[in-house]
**Student:** 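If you scroll down you'll find the structure; I have some questions about it.
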Amino acid sequence: MERVWLPFWEKAYQDETITAFSAEPNVTLKEFEHLFNKEWKIIDIGCGEGQNAFYLAKQGFCNVDAFDISEHGIAKLQQRCRKENVHLKAFTADLTTYQFEQKYDMVMSFGTLHFVQKTDWKAFISRAKANTSLGGIHIMQIFTDTVPASEDIAPFAIGLAKDNEIKELYNDWEILQFKSYVFEDEHPGVPKHLHASNKLVARRVS
């Protein structure tokens, strides 16, 4: 029988004593938080354990949705919300087939898009842009092929972007920030390694 390898984060999602990535929100979320309205409709795509969505909901943002393909990740987020009396809508979904049922004021995705085929994440971004309100914001982070995929994600990183490729999809929006960088990372049970990343913050202006 062929052995099925689970990514390290799926194992971590099932362990209440550790976090797969970080319990704290992404620094870019805090950096641009002053632009957000607490009445905004916000969705976190590929949220994992949901630290970013959880942070916003705990700060008083009242319309936060979050989804991930991992049932364990969503269960962990829901349990944390119950424990700390934080209210958000967390559910399982696949970004390759997800269809928006409403317009959002902010769409964010951190370190997820490269785990689906490039045609799929590009199609998703097209759908997300079409379902973003005027003046709404996207925060997107995707790994690139500037450095090879590290051993821990190589079997799953099937949609690595070219450097600047995601930025080109937003040439009709206002780019508030774009970063191309390489960073060192480590996770429970995984040695230190490098990732190349693009991070974009853009606002819909028309």
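Just so we're clear, the structure is a prediction, and the values are computed from it rather than from any experiment.
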**Student:** Can you find a heavy atom in the side chain of Ser180 that is under 4.5 Å from one in the side chain of Thr144?
**Tutor:** no

**Student:** In terms of heavy-atom contacts, does CD of Glu101 have more than 12 from other residues, nucleotides or ligands at under 6.0 Å?
**Tutor:** no

**Student:** Heavy atoms only: give me the nearest Ser133-Lys103 pair and the separation to one decimal.
**Tutor:** OG-CB, 3.8 Å

**Student:** Is it the case that the side chain of Thr96 and the backbone of Asp120 share a donor-acceptor pair, with hydrogens and angles ignored and the cut-off at 3.5 Å?
**Tutor:** no

**Student:** How close do Asp44 and Ala53 get, heavy atom to heavy atom, and via which atoms?
**Tutor:** OD2-N, 3.6 Å

**Student:** Do Ile43 and Ile166 share a hydrophobic cluster, counting only Ile, Leu, Val, Met, Phe, Trp and Tyr and linking them when any side-chain heavy atoms are less than 4.5 Å apart?
**Tutor:** yes

**Student:** Please answer whether the main-chain N or O of Gln59 pairs with a side-chain N or O of Lys38 as donor and acceptor at a distance below 3.5 Å.
**Tutor:** yes

**Student:** Where is the tightest heavy-atom contact between Glu165 and Asn198, given as atom of each residue plus distance?
**Tutor:** N-OD1, 4.2 Å

**Student:** Just to verify, which of Asn52, Leu200, Ile139 counts as forming a side chain to side chain contact (heavy atoms under 4.5 Å, CB included) with Thr28?
**Tutor:** Ile139

**Student:** Do you know which two heavy atoms are closest between Ala149 and Ala157, and how far apart they sit?
**Tutor:** CB-CB, 4.3 Å

**Student:** Do the side chain of Asn63 and the main chain of Glu39 share a donor and acceptor less than 3.5 angstrom apart?
**Tutor:** yes

**Student:** Check for a donor-acceptor pair, side chain of Glu49 on one end and backbone N or O of Lys76 on the other, with a separation under 3.5 Å.
**Tutor:** no

**Student:** Can you tell if the side chain of Asn26 reaches within under 4.5 Å of the side chain of Lys199, non-hydrogen atoms only?
**Tutor:** yes

**Student:** For Ser70 versus Thr92, what's the shortest heavy-atom pair and its separation?
**Tutor:** O-CG2, 4.0 Å

**Student:** Does any part of the side chain of Lys162, heavy atoms only, come nearer than 4.5 Å to the side chain of Asp145, both counted from C-beta?
**Tutor:** yes

**Student:** Checking side-chain polar atoms at under 3.5 Å, does Ser197 have a donor or acceptor matched by the opposite partner on Gln141?
**Tutor:** yes

**Student:** Could you tell me how the ring of Phe143 sits relative to the ring of His114: parallel (under 30°), tilted (30 to 60°) or perpendicular (over 60°)?
**Tutor:** parallel

**Student:** Does the plane of the ring in Phe100 sit parallel, tilted or perpendicular to the ring in Tyr98? Use 30° and 60° as the thresholds.
**Tutor:** perpendicular

**Student:** Cluster question for you: counting only ILVMFWY and a side-chain heavy-atom cut-off of under 4.5 Å, with indirect links fine, are Leu95 and Ile158 together?
**Tutor:** no

**Student:** Is there a path of hydrophobic side-chain contacts, each under 4.5 Å between heavy atoms of I/L/V/M/F/W/Y residues, joining Ile42 to Leu29?
**Tutor:** yes

**Student:** Search all heavy atoms of Tyr170 against all heavy atoms of Ala202 and return the closest pair with its distance.
**Tutor:** CD2-CB, 3.8 Å

**Student:** Tell me if a side-chain donor or acceptor on Trp121 pairs with a main-chain N or O of Gly159 at a distance below 3.5 Å.
**Tutor:** yes

**Student:** Is it the case that the side chain of Arg204 and the backbone of Ser206 share a donor-acceptor pair, with hydrogens and angles ignored and the cut-off at 3.5 Å?
**Tutor:** yes

**Student:** Between Tyr104 and Asp65, is there a side-chain heavy-atom distance shorter than 4.5 Å?
**Tutor:** yes

**Student:** Between Asp105 (side chain) and Lys41 (backbone), is there a donor-acceptor pair under 3.5 Å?
**Tutor:** yes

**Student:** Can the positive tip of Lys58 be found less than 6.0 Å from the middle of the six-membered ring of Phe54, inside 45° of the ring normal?
**Tutor:** no

**Student:** Please tell me if the side chains of Met106 and Leu56 come closer than 4.5 Å, counting only heavy atoms from C-beta onward.
**Tutor:** yes

**Student:** Are Leu169 and Met140 close enough, and set up right, to give a side chain to side chain contact (heavy atoms under 4.5 Å, CB included), and what steps lead you there?
**Tutor:** CA-CA 11 Å; Leu169 301 181; Met140 299 288 173; over 6 Å; no

**Student:** Start with the C-alpha distance between Thr132 and Trp173, add both sets of side-chain angles, then the distance that settles side chain to side chain contact (heavy atoms under 4.5 Å, CB included), and finish with yes or no.
**Tutor:** CA-CA 11 Å; Thr132 301; Trp173 284 33; 3.8 Å; yes

**Student:** Kindly work out whether a path of hydrophobic side-chain contacts (I/L/V/M/F/W/Y, heavy atoms less than 4.5 Å apart) joins Phe110 to Val64.
**Tutor:** yes

**Student:** Classify the angle between the aromatic ring planes of Phe61 and Phe36 as parallel (below 30°), tilted (30 to 60°) or perpendicular (above 60°).
**Tutor:** perpendicular

**Student:** Got Phe115 and Ile69 here, is their nearest side-chain heavy-atom distance under 4.5 Å?
**Tutor:** no

**Student:** Verify the cluster assignment for Val201 and Leu35: are they in a single hydrophobic cluster under the rule of side-chain heavy atoms below 4.5 Å apart?
**Tutor:** yes

**Student:** Donor-acceptor pair, distance only, cut-off 3.5 Å: does the side chain of Asp68 make one with the backbone of Ile74?
**Tutor:** no

